[in-house]
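I have a structure here, written as structure tokens, and I will follow up with some questions on it.
Here is the naming used below: chain letters follow the sequence lines, and residue numbers restart at 1 for every chain. Values below: all heavy atoms of this structure, side chains included; hydrogens, waters and symmetry mates excluded.
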There are 2 protein chains.
Amino acid sequence: MPRSPSSQPTEVEIQILRILWELGPSPVREIHKRLEAAKGTNYSTTVKMLSVMLQKGLVKRDEDAQPHIYRPAASRARTGKKMLDDLIERVYEGSAMSLVLQALSSTRASKKELDEVRRLLDQMEGK
Amino acid sequence: MPRSPSSQPTEVEIQILRILWELGPSPVREIHKRLEAAKGTNYSTTVKMLSVMLQKGLVKRDEDAQPHIYRPAASRARTGKKMLDDLIERVYEGSAMSLVLQALSSTRASKKELDEVRRLLDQMEGK
DNA sequence: TGATAATAGCGAACCTGTTCGCTGCGTCAA
DNA sequence: TTGACGCAGCGAACAGGTTCGCTATTATCA
């Protein structure tokens, strides 16, 4: 029984997505600059990863532009949520609250942030 | 430049840890029963995975007992936190609050749970 | 125009994680 | 004893993910 390919973005894929989230739509060259600075990646590798990600639907690109412009297929928030849901499912078997408590208790948050959470709580309860 | 091995428990490793968290210390046979039921794993595979995990320090075992008894090296909470921290770091570059909001907003929580979060918030602020 | 550089693509090598076959050892019962 | 069985270990095969060398195509410009 073979294993199934991970549905999650892999390590390098996340790195590239992060760069794209930060820079916005960019040509390979820009993406590569960051990746190389971070871990000495070869240019060919960057191109290859992008082509793999394109095929997986993780990024999109404008081929009319010269050079091609890549952009993330999903927002950071959307991707993060998916990964979080997956983590919750795998480790806590679906109980998100356990994990929220974990996250909160290990964070130094500002008053502003805490208030934001409170507001959200009220909103959830009101509903 | 070769890639570095993941410091996170892998897919199958998490599956095994979950079984151990649920069952408590168990012999291979018990672990295997669950794993086989879940995905048709061969007994040899279960043994192998456990030996790999033993070497990585993810599980510990009592070799005096016959058969050997395996137990998780870290609690579910501790492991979950580590994985969460890692996720936060990789996707949100350290901003845990963003992720907490995500988790909360995608959860249907009971009043009791919400109150628990509030208590924690107060506690954090008081400190 | 010919040399040089930037852009893309492809296939193969390589690494980690996963799977399993085969072997060896101890125990128990015929 | 011997045969069947459960337990443990090991190496090799395999799959997915990552890396890069090599080649082709298209600008760039002396």
Between P of dT18(D) and NZ of Lys39(A), the distance in whole Å: 8 Å

Contact list for DNA chain C against residues 25-36 of chain A - heavy-atom distance below 4.0 Å: Val28(A), Arg29(A)

Leu58(B) CG to dG17(C) C1': how many Å, rounded? 13 Å

Could you check Ile31(B), Val52(B), Leu54(B) and say which one makes a side chain to side chain contact (heavy atoms under 4.5 Å, CB included) with Val59(B)? Leu54(B)

Atom of Thr79(B), atom of Pro9(B) and distance for their closest heavy-atom approach: CG2-CG, 4.3 Å

Note, Lys39(B) side chain near Gln15(B) side chain (heavy atom, < 4.5 Å): yes

Salt-bridge present (Arg61(B), Glu63(B); N to O < 4.0 Å): yes

With the threshold set at under 4.0 Å for non-hydrogen atoms, list the residues of residues 42-55 of chain B touching DNA chain D in residue-number order. Tyr43(B), Ser44(B), Val47(B), Lys48(B)

Of all the nucleotides listed (dC20(D), dT18(C), dG17(D)), which has the minimum atom distance to the side chain of Thr41(A)? dC20(D)

Under-4.0 Å side-chain N/O to phosphate OP1/OP2 contact, His68(B) with dA8(D): yes

To the nearest Å, give me how far apart CD (Gln66(A)) and P (dT26(D)) are. 10 Å

Grab the CG-P distance between Asp64(A) and dT7(C) for me, whole Å please. 17 Å

For Glu13(A) and for Pro67(B), find the nucleotide of DNA chain D with the closest heavy atom, then tell me which residue's nucleotide is more 5'. Pro67(B)

Looking at residues at least two apart in the chain, or sitting in another chain, which of them share a side chain to side chain donor-acceptor pair (under 3.5 Å) with Arg18(B)? Glu93(A)

Give a yes or no on whether a salt bridge exists between Asp115(A) and Arg118(A), defined as a side-chain N under 4.0 angstrom from a carboxylate O. yes

Qualifying residue, where the test is side chain to side chain contact (heavy atoms under 4.5 Å, CB included) with Ile16(A) and the options are Thr41(A), Leu58(A), Leu50(A): Leu50(A)

